[in-house]
Participant: 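Pasting a structure below so you can have a look.
We name chains A, B, ... by the order of the sequence lines, and we start the count at 1 in each one.
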Amino acid sequence: MSILKKEGVGRFKHLISIDELTKEDIIYILRLAEKFEPIAKGKKVNKSLEGKILANLFFEPSTRTRMSFEAAMKRLGGDVINMTAQEVSSVAKGETLADTIRVVGNYADIIVLRHPLVGAAKFAAENSIVPVVNAGDGAGQHPTQTLLDLYTMMKEAKLEGSKIALMGDLKYSRTVHSLIKALALFNTTIYLISPPMLRLSEEFIEGLDTKTSKVFEVSLEEVIDEIDVLYVTRIQKERFPDEEEYRKVAGSYVITLDLLRNTKESMIIMHPLPRVNEIATDVDKTRHARYFEQAFYGVPIRMAILSELLDGNG
Amino acid sequence: MSMEKGTKDKGAKSDRKHLVVSKIKNGTVIDHISPGMSPLVLKILGIGPGSKEAVSMAMNVHSSKMGKKDILKVEGKFISDEELNKIALIAPEATINLVENFEITRKFRVEPPEVVENIIKCPNQYCISNSNEPIKSRFRIFTDGRKVVAKCDYCGKKLYSLQDYI
Ligand SMILES: Nc1ncnc2c1ncn2[C@@H]1O[C@H](COP(=O)(O)OP(=O)(O)OP(=O)(O)O)[C@@H](O)[C@H]1O
Ligand SMILES: [Mg+2]
Ligand SMILES: [Zn+2]
């Protein structure tokens, strides 16, 4: 049996990878997040995690994810202690992750971990007496990001049976990889749009469960009038041999008002943020833009996860 | 797959034509090893410099079933089925013959284990299993057609020619 799940449906010990979750598990978490939304907005008060402490262990900087976990914990009345990247390098010099986890597990009721090595969160969970939430392990997984992406689609467009275009760096983006695997569970049509050198690998596509969902490589123009969601990711400069090449390629993967003329009224645009210039700022005020809502949805999703792992829901 | 059928006069025939190495009294004969893999099989079984058991090895000998094969005969060491099944990672057709008092008392074909620890080294340099943590490498094993495939339990890396990572 998996170390990641307790007995029974929707009961988790840790949250390490989206692959560990069934479609039912995912729907369960999304529904729970919906219940927490008014609390995440500060419109309702819920102190169900009062007396609990969350430890943020960030071996790599990520202000946004860390703050969002902190907001989620505090909205539920819990407390947060932090070990920042700086402290990690000075305090924990020479100490193994296994030891750090054992020590911090005595200070806190739950650990949120970001680490540069793939599999670090799983290893941490194996060594932890308290629940571990993976907040990114190198090129590996970042399951709360995937869950908040799915939640955004469910709330702002639709999830089951929807047509989703993923655009940008599909080769290296861990966000995209996890999202595609999860979307495949929801009878979706997935359109892939990327520069040739940043295409999703054949191996990845072949490994997908395409029983219920379909995957196509297309250009944005071909599908812009039929999609429900346009998910844009950043194209990173580091992937290119020179600045010139980067500008040329990245420049042709920018969403402008002009491109959006033929879309469905209800089509939404998402982006994991931070954006650089993949989406022109004048798109922000259109009815399509949902990336700031998306960022907010990280809070109710993380509330649902924390609550579930700490058995504090109710 | 069915195993090669024994013939009635095999004793006499084998002694002269096929038994490349001498008989053992008590031990394990590992037959039908993919040619050239016998040194790695010993490595998997933890037999090497400093080991006490007597081992004879035949490499690249003729096999009617496989063309060529390796054979290992290990005397004086009890090897568990669990250990022996790890051989399937690199020699999926290997057969095990347990010998007691010169006679074969049990014969079985190796089956790849579901999980192996500390045998395969993950080639992903960013995998936690390659850090200085107190960690054992761990791979889940499955078959893809006739191929044995290993997937790193930590980073998800899939390996197809396992002999390169043992
Ligand atoms: N006492 C022994 N000592 C060493 N090797 C032995 C002994 N008895 C049998 N063997 C070897 O074990 C292997 C299996 O022996 P067996 O007599 O079952 O041959 P087989 O009929 O060819 O079997 P298979 O169908 O597995 O190929 C052969 O390689 C044989 O030489
Ligand atoms: Mg034979
Ligand atoms: Zn690995």
Participant: Are more than 12 heavy atoms from other residues, nucleotides or ligands located less than 6.0 Å from atom NZ of B:K86?
Facilitator: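 Correct, the count exceeds 12.
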Participant: Can you list the residues of residues 35-45 of chain B that sit under 4.5 Å from chain A, counting heavy atoms only?
Facilitator: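 At a heavy-atom separation under 4.5 Å, chain A is reached by no residue of residues 35-45 of chain B.
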Participant: Are there over 12 heavy-atom neighbours, none belonging to B:K68, within less than 6.0 Å of that residue's NZ?
Facilitator: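 Atom NZ in B:K68 is not crowded, with 12 or fewer foreign heavy atoms closer than 6.0 Å.
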Participant: Can you pull out the residues in residues 107-118 of chain A with any heavy atom less than 4.5 Å from chain B?
Facilitator: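 So far as heavy atoms go, A:H115, A:L117, A:V118 are the residues that approach chain B to under 4.5 Å.
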Participant: Among the options A:G119, A:G140, A:A139, pick out the one with the most heavy-atom pairs lying under 4.5 Å from chain B.
Facilitator: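 The candidate making the most pairs under 4.5 Å is A:G119.
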Participant: Indicate every side-chain donor-acceptor pair of residues 193-206 of chain A with a distance under 3.5 Å to a residue at least two apart or in another chain.
Facilitator:
residue, atom, partner, partner atom, Å
A:R199, NE, A:E217, OE2, 2.9
A:R199, NH2, A:E202, OE2, 3.4
A:R199, NH2, A:E217, OE1, 3.1
A:S201, OG, A:F204, N, 3.1

Participant: Is it true that, when you exclude B:K77 itself, more than 12 heavy atoms of the residues, nucleotides or ligands shown sit nearer than 6.0 Å to its NZ?
Facilitator: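 Yes, the 6.0 Å shell around NZ holds more than 12 heavy atoms from other groups.
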Participant: Is it true that, when you exclude B:Q163 itself, more than 12 heavy atoms of the residues, nucleotides or ligands shown sit nearer than 6.0 Å to its CD?
Facilitator: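 Yes, the 6.0 Å shell around CD holds more than 12 heavy atoms from other groups.
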Participant: I would like to know whether A:F123 and B:R138 meet side-chain contact (heavy atoms from CB on, under 4.5 Å); could you show each step before the answer?
Facilitator: CA-CA 11 Å; A:F123 175 67; B:R138 185 167 66 229; over 6 Å; no
Participant: Which of residues 125-137 of chain B get closer than 4.5 angstrom to chain A, counting heavy atoms alone?
Facilitator: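 Near chain A, by residue number: B:Y126, B:C127, B:I128, B:S131, B:N132, B:E133, B:P134, B:I135.
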